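What you are looking at is a predicted structure, and each value in this text was computed from that prediction instead of being measured. We name chains A, B, ... by the order of the sequence lines, and we start the count at 1 in each one.
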Number of protein chains: 2
Amino acid sequence: MAVQHSQQWEQFDRLVRKIMSYYEAIGLLHWDLRTGAPRKGTEIRSETIGVLSTEAFKLQISEEMGQLLSFFAEPEQAEQLDDRKRRMIAEVRKMYDQSKSIPPERFQEYSILAAQSETKWEEAKKNSDFEGFEPYLTKIVAFKQEFIEYWGVKDTRYDTLLDMYEPDLTVEKVDAIFERLKARLVPLVHAIQESSFKPETAFLKQLFPKEQQEKFSLFLLEQMGYDFEAGRLDESVHPFATGLNPGDVRITTMYLPDDVLSAVFSSLHEGGHALYEQNIDKTLAGTPLSGGTSMGIHESQSRLWENMIGRSRPFWRRYFADLQQYFPEQLKEVDVEQFYLAANKVENSLIRIEADELTYNLHIIIRYEIEKMLFNEGLAVKDLPETWNAKYKEYLGIMPTNDGMGVLQDVHWSGGDFGYFASYSLGNMYAAQMLHTMRKELPNLDQLIEEGNLAPIKEWLTDKVYKYGKSEKPSEIIVRITGEELNPDYLADYLEEKYKEIYKL
Amino acid sequence: MAVQHSQQWEQFDRLVRKIMSYYEAIGLLHWDLRTGAPRKGTEIRSETIGVLSTEAFKLQISEEMGQLLSFFAEPEQAEQLDDRKRRMIAEVRKMYDQSKSIPPERFQEYSILAAQSETKWEEAKKNSDFEGFEPYLTKIVAFKQEFIEYWGVKDTRYDTLLDMYEPDLTVEKVDAIFERLKARLVPLVHAIQESSFKPETAFLKQLFPKEQQEKFSLFLLEQMGYDFEAGRLDESVHPFATGLNPGDVRITTMYLPDDVLSAVFSSLHEGGHALYEQNIDKTLAGTPLSGGTSMGIHESQSRLWENMIGRSRPFWRRYFADLQQYFPEQLKEVDVEQFYLAANKVENSLIRIEADELTYNLHIIIRYEIEKMLFNEGLAVKDLPETWNAKYKEYLGIMPTNDGMGVLQDVHWSGGDFGYFASYSLGNMYAAQMLHTMRKELPNLDQLIEEGNLAPIKEWLTDKVYKYGKSEKPSEIIVRITGEELNPDYLADYLEEKYKEIYKL
């Protein structure tokens with residue numbers, strides 16, 4: 001029996017590694033499409049991604065996989081598994097159950113469409129051409145509606161999608177959390193708008209040559225402890241991080257020639273994602289546990305580095321002099337406090353990835369509500385621009401003048417990632433709650449940052465979050481670190497304290 | 001019956017396209033490994049390449065493929081196939097027969113090894129560390145010896161390998177061709193060595209900044225008609241071209257900061273390969289006929305652009321002024337004739353890819369003879385450096401001072417490409433023979449080149465060679481274009497005429 005058990009385990013391990021090989025190749029094909037693949041090759045490339053995705057999918061739902069999962073579900077086999085193996089089985093079973101419900105030919109069509117759609121979106125965004133993109137998005141949404149049926153409708157149809165990115169998340173919970181956040185943040189945003197204090201930001205809008213921006217991004221990533229022997233930095237229309245394998249975690253950023261902050265904070269953001277994936281325990285490599293445990297926890301790491309560290313006063317007390325060296329002409333008359341205030345200016349704006357960390361949550365709430373309308377309330381894709389613009393008017397008091405700045409700004413929907421956006425605000429909340437504990441355990445945190453000694457932060461996060469990969473669920477992680485469940489008040493406290501000081505409220 | 005025929009054809013077409021999708025992904029994984037993949041990810045990356053190669057291999061020898069090939073081999077089915085389909089079937093059957101003979105697990109082990117070995121080779125070349133590379137190469141050779149048994153020994157063991165790259169090529173034929181070439185070229189090389197005329201080349205050895213070299217390479221590729229919307233130029237240790245799909249044909253080059261010619265001619269060379277793949281008839285896309293018909297014909301295209309056009313007097317009469325603009329300081333005192341002579345200096349040297357087009361053939365003969373010794377005469381891998389050095393001493397009168405400049409200089413063996421090198425000289429011969437006909441059909445050829453009007457050359461080659469892909473065999477192509485079989489005298493005539501004039505013999 002023991003021999004059979006270990007043989008079956010070896011077979012399971014081999015099959016899982018094979019599936020992960022497919023995902024590594026698919027990851028590279030996607031990365032390449034978005035960083036420099038020639039235009040004329042993209043159509044066949046999309047088919048190639050479709051073929052490999054289908055094959056990976058078939059392996060996930062293969063008879064062999066079904067038999068292996070059944071084998072390890074038998075009580076006398078299950079009890080021989082240690083915790084890690086049990087978690088691996090659970091992770092694979094979740095994918096198996098999810099995937100098994102979708103007919104393979106539908107999944108293949110969907111994969112090809114999603115790849116084409118992402119390419120189409122890049123063009124559409126550039127040309128602000130929603131009409132050209134609409135047929136693709138309509139098909140993507142129809143597929144997702146169909147998949148929801150296969151997966152099973154939870155409390156509501158949209159609940160099914162939320163649960164994919166953050167296990168056990170529901171519309172009911174998110175509604176409650178967002179209400180509670182709104183109750184504290186909306187008055188704060190309002191008070192800031194009323195405040196007579198306006199940080200000076202004109203100096204941010206000069207010409208900042210791309211080459212210098214790139215060098216500064218590389219410098220910051222090095223400071224964070226990003227390992228360039230296990231990754232690389234490239235440029236793409238929408239910044240992203242992708243872990244091809246634990247030794248190859250790539251990030252991209254975008255350089256706006258007239259805005260020095262965009263690339264800086266994109267790089268810190270994607271760098272945060274990458275630190276997580278680069279520092280997962282090496283013994284998990286090649287297993288399904290070698291990845292971030294949820295989108296929310298992943299986003300907590302990117303937003304912790306981007307905002308809570310990267311937009312802090314101690315951070316710029318240390319690094320502003322470096323930034324000045326990269327842009328001596330542009331910044332010679334700016335001092336660190338001016339820069340700190342400018343980097344934290346709260347302003348109702350159109351572009352999510354350029355939003356300040358306070359109003360950012362409103363951008364998320366808009367997307368969350370629109371997705372709910374699309375999946376639960378029959379909103380048609382063709383009406384998206386109108387709905388989008390109306391929500392921006394309502395929540396932020398401004399409206400995009402074209403769809404490239406509006407409904408087309410984010411890549412997510414083009415790839416079918418509905419239900420993802422909420423994770424960003426969850427990420428903010430996890431991050432603030434973790435930071436609260438980090439401050440207790442590293443009492444000289446601000447001093448470390450101000451000295452540019454970021455290694456202890458990376459080590460603390462590795463020890464508390466990174467190394468576990470998917471070995472623990474989000475709720476287990478947050479409770480283990482902080483002693484309590486996710487609590488939005490930490491984020492509200494953090495934001496109130498920071499912005500009341502800045503805006504002298 | 002007709003319905004069954006067309007259904008079976010559709011199934012065949014689908015299966016073939018699926019296999020080609022795997023090869024596109026594998027091609028990208030390789031390209032990435034050699035252009036910028038982070039070091040720490042390469043070990044898992046090698047496994048991934050191994051997994052996908054094995055899957056592609058399994059599809060090629062699948063029962064489904066066997067049944068389809070049997071179906072179309074039935075006389076009443078075969079007679080319904082048009083020429084193109086017949087050729088497709090023949091192409092796939094060749095792969096099937098070749099692959100079917102190798103046990104899949106042996107092939108997987110080989111693929112993983114070959115990927116690791118290429119990475120190891122890059123390091124070994126840099127550090128001139130043959131000992132570190134030897135265990136890999138020994139295993140690669142052992143695998144090839146084993147595969148020769150599976151494929152079947154032809155006249156000699158090495159014949160089996162030659163035939164892989166150039167159908168129907170044999171040791172007997174190559175021996176005869178190389179003897180005939182040697183009989184005309186060796187006296188020529190000797191006369192040149194004796195000649196008192198030595199082109200001035202000191203001006204080539206200055207500092208030529210890499211950025212400018214890259215810009216000039218891009219400029220030349222544009223002049224050739226390389227389509228940057230269907231490809232891109234990157235940098236790698238060993239230049240190569242790779243056709244991922246007909247809309248994505250990438251090339252790489254290498255910039256030596258103290259040598260302006262290396263990148264120029266590498267770019268023209270790889271550009272020639274790429275023009276071939278970019279201009280294959282689009283109706284062949286996704287079929288097994290969408291690729292170069294043989295290594296020899298492929299090399300004829302790279303070497304025709306690199307040498308017969310790129311090292312011609314009219315070419316530099318047109319482009320030297322441009323080169324001067326990119327390097328005004330370095331070249332201000334050089335005139336076009338000096339440059340032409342320098343670019344065609346004949347010199348017994350150590351590095352194949354930097355050799356002049358005359359002695360180049362001796363570099364090939366050395367490799368050909370060593371490969372014959374390895375596979376037919378029991379030469380041990382550990383004795384390669386010694387044999388290599390002795391041959392260089394014998395044929396070229398010089399010896400490398402380290403293995404990085406010697407036996408480790410080429411990538412081919414690290415990936416198991418034994419039998420390939422002969423194609424380079426075949427390529428020279430095909431190219432000279434084609435050029436002879438081209439001059440008759442484009443009587444103002446030199447004038448076109450001198451005007452920088454290269455489009456008619458590309459069109460002529462598209463019409464005569466490129467568009468066919470693998471629809472015709474090498475021997476069919478050369479006979480259709482020139483009216484006769486491959487004849488090494490055209491190359492000898494071309495070289496004699498060119499170099500007697502240059503060296504005033």
Are [X] and [Y] packed together at the side-chain level, in the sense that at least one heavy-atom pair is separated by less than 4.5 angstrom?
X: B/Val51; Y: A/Glu24; value: no
X: B/Asp32; Y: A/Asp32; value: no
X: A/Met20; Y: B/Ile44; value: no
X: A/Pro38; Y: B/Arg250; value: yes
X: A/Tyr22; Y: B/Thr48; value: no

- Item | Option among B/Asn245, B/Asp227, B/Val249 that satisfies the side chain to side chain contact (heavy atoms under 4.5 Å, CB included) test with A/Lys40 | B/Asp227

- Check: A/Arg232 side chain, B/Gly36 main-chain N or O, donor-acceptor pair, under 3.5 Å: yes

- Query: If you take all heavy atoms of B/Leu52 and A/Ala25, which pair is closest and at what distance?
  - Reply: CD1-CB, 3.5 Å

- Task: Tell me, for B/Ile26 versus chain A, whether the close heavy atoms (under 4.5 Å) come from the side chain, the backbone, both or neither.
- Result: neither

- Item | Cationic N near anionic O, under 4.0 Å, B/Arg17 to A/Glu47 | no

Chain B contact via [X] - which portion, at a heavy-atom distance below 4.5 Å:
X: A/Leu29; value: both
X: A/Glu43; value: neither
X: A/Ile49; value: neither

- Task: Could you tell me whether B/Glu63 atom CD has more than 12 heavy atoms of other residues or ligands within 6.0 Å of it?
- Result: no

- Message: Is it the case that over 12 heavy atoms from other parts of the model lie below 6.0 angstrom from the NZ atom of A/Lys282?
- Response: yes

